[in-house]
Amino acid sequence: MEIRRKVLLVDDDPELLDIYRDTFTELPSKPEVETATTGTKALAMLESGEYRLLVTDLRMPRMDGLQLLAIVRRKWPELRTVVLTSNADERFRSRVYALGVDLYWSKPSSEAEMAQFVECMESLLAREEEPGFRGVQSKSLVDLVQLECISQGSTVLRITNGPFTGHIWVSNGEVVDAETEEVRGEAAFQRILRWKAGNFEFLPAEPARPRTIFKPYNALLLETAQAIDESNHAPEAVETIAPAGPPDSPLTPASGLTALMETDGVEFALKMVADTRIDSRGLNQPELLATWVRQSVNRFRELGESLQAGNLDLITGMGAQQNLTIANKGGTDLCVGWKPDLTAEDLRERMKKIVTLWAS
Amino acid sequence: MGFITSWFRSTKPLLQLYTGSFSIDRTGQILATTIPSSFPNDLLRSIGQAVMRTFNEAQAARLSLGELVIHFPGLKITAREMRGGAFIFLTTPQSQTTYKRKQSLL
């Protein structure tokens with residue numbers, strides 16, 4: 001049975017809503033279209049139903065589009081969002097994209113623009129929801145490597161996962177080399193294949209690339225799958241993101257804080273789940289720090305919402321004796337203490353890597 | 001009639017975020033600011049108070065922090081503790097991009 005995706009259109013102008021409703025109803029995917037004339041009504045509707053796409057105006061009385069989007073991005077991060085506005089101020093375009101909105105459209109003023117808009121909306125609705133690497137939806141990296149190897153092709157596969165970049169060299173259907181984060185060979189290949197989402201591109205082949213991997217691709221993929229499987233079931237595997245540490249085993253939530261403590265520059269770590277459960281390493285009085293972290297995160301989360309600046313990404317605290325960073329991923333607040341000689345930018349980059357690996 | 005109702009439909013202006021700085025005293029009162037006056041004063045005070053409370057509570061938690069950087073997708077807040085008060089910089093992603101572009105041209 002064909003699933004009709006639900007679309008919610010929000011605009012304070014009922015006449016425009018009618019026009020948009022007709023337009024959306026005629027899309028090839030035949031979505032189920034509902035409308036709301038205010039942000040608060042839209043939020044109530046989102047609470048009560050599963051929507052695939054939200055299309056909203058920016059300028060609305062009481063709750064404007066930015067306020068609505070700030071709440072929507074936090075509460076329904078999977079929901080695809082589109083801003084459709086007649087606001088000509090271009091400064092809002094980057095602001096809207098910073099909030100994590102999928103598309104920013106000026107209200108179509110001609111038939112050609114409307115046709116483009118319709119095409120865009122259809123493509124947004126047609127996209128699969130399963131995670132995958134952009135370009136080939138719902139395909140894992142293993143599939144991509146296999147595809148290239150089976151076709152006896154030669155290429156360089158460039159993969160990005162947040163702050164990380166990896167390369168896999170394929171020559172005449174065999175994986176000959178891999179590299180990421182100063183790690184090369186099989187270890188790099190295994191590390192890259194653990195990434196669950198990101199972007200990839202095929203670059204021209206580099207036949208002169210020195211070979212560091214000599215196993216047939218089938219054996220390589222099988223061993224990698226086994227290694228990933230084993231590490232997922234090993235709660236306290238020794239894992240680190242530092243180049244100096246074991247190169248073939250990235251940090252994961254399963255590996256715990258012990259692994260995090262082995263990361264270069266880390267002095268202490270504190271993990272808090274759902275405001276109650278605390279786990280820490282390297283701290284004498286974790287409760288004291290936990291209270292401060294919890295208060296600070298809640299305070300700045302609320303501030304971000306009232307400023308319509310998007311969800312809180314990261315807090316960095318710097319002092320003469322210590323530095324710390326706080327981030328949230330998947331309902332877990334993670335506070336990491338660092339040596340005081342690191343700069344704010346260093347701290348941000350390192351924490352981003354930790355969070356990416358944690359999530360991956 | 002439709003024209004009249006749409007003409008009189010009241011929509012408040014969207015909140016614009018700015019790049020600039022301001023200083024606050026130990027009670028969170030604003031002393032001086034370069035942020036345009038169109039930015040709501042109560043929001044500016046909220047930022048200042050949030051920063052001051054975080055600094056003060058850090059001391060109570062035996063953390064001696066001199067600087068806080070809070071990253072949002074649409075705004076970066078950098079606060080430096082200063083004689084009991086604080087100096088706060090607000091940076092929007094646009095201004096960061098412009099600065100980086102200028103740096104690369106130099």
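From a predicted model like this one, the values you see are computed outputs, not experimental measurements. Every chain is numbered from 1, with letters handed out A, B, ... down the list of sequences.
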Check each atom of [X] against the heavy atoms of chain A and say whether the ones under 4.5 Å are side chain, backbone, both or neither.
X	result
B/I47	both
B/A79	neither
B/F39	side chain

Using 30° and 60° as the class limits, which term best fits the ring planes of A/Y97 and A/Y104: parallel, tilted or perpendicular? tilted
For the backbone of [Y] and the side chain of [X], can you confirm whether one donor and one acceptor N or O come within less than 3.5 Å of each other?
X	Y	value
A/N323	A/L342	yes
A/Q67	A/D64	yes
A/R95	A/Q308	yes
A/D102	A/T81	yes
B/T34	B/G20	no

I need the residue from [options] with the largest number of non-hydrogen atom pairs under 4.5 Å to chain B.
options	answer
A/Q322, A/E287, A/M318	A/M318
A/S306, A/G100, A/G319, A/A309	A/A309
A/G304, A/S296, A/A320, A/A327	A/G304
A/Q295, A/R73, A/Q321	A/Q295
A/T291, A/I315, A/L307	A/L307

Who among [options] has the most heavy-atom pairs with chain A under 4.5 Å?
options	value
B/I70, B/L68, B/T78	B/I70
B/S46, B/P40, B/G66, B/A58	B/A58
B/E81, B/E67, B/R80	B/E67

Report yes if some heavy atom in the side chain of A/V297 is under 4.5 Å from a heavy atom in the side chain of A/M272; otherwise report no. no
With a 4.5 angstrom heavy-atom cut-off, could you sort out which part of A/Q285 is near chain B: side chain, backbone, both or neither? side chain
Chain B contact via A/L347 - which portion, at a heavy-atom distance below 4.5 Å: neither
Flag the pair A/K107 and A/D13 as a salt bridge only when some basic side-chain nitrogen lies within less than 4.0 angstrom of an acidic carboxylate oxygen. no
Examine the side chains of B/T54 and A/R299 and answer whether a donor and an acceptor come within less than 3.5 Å of each other. yes
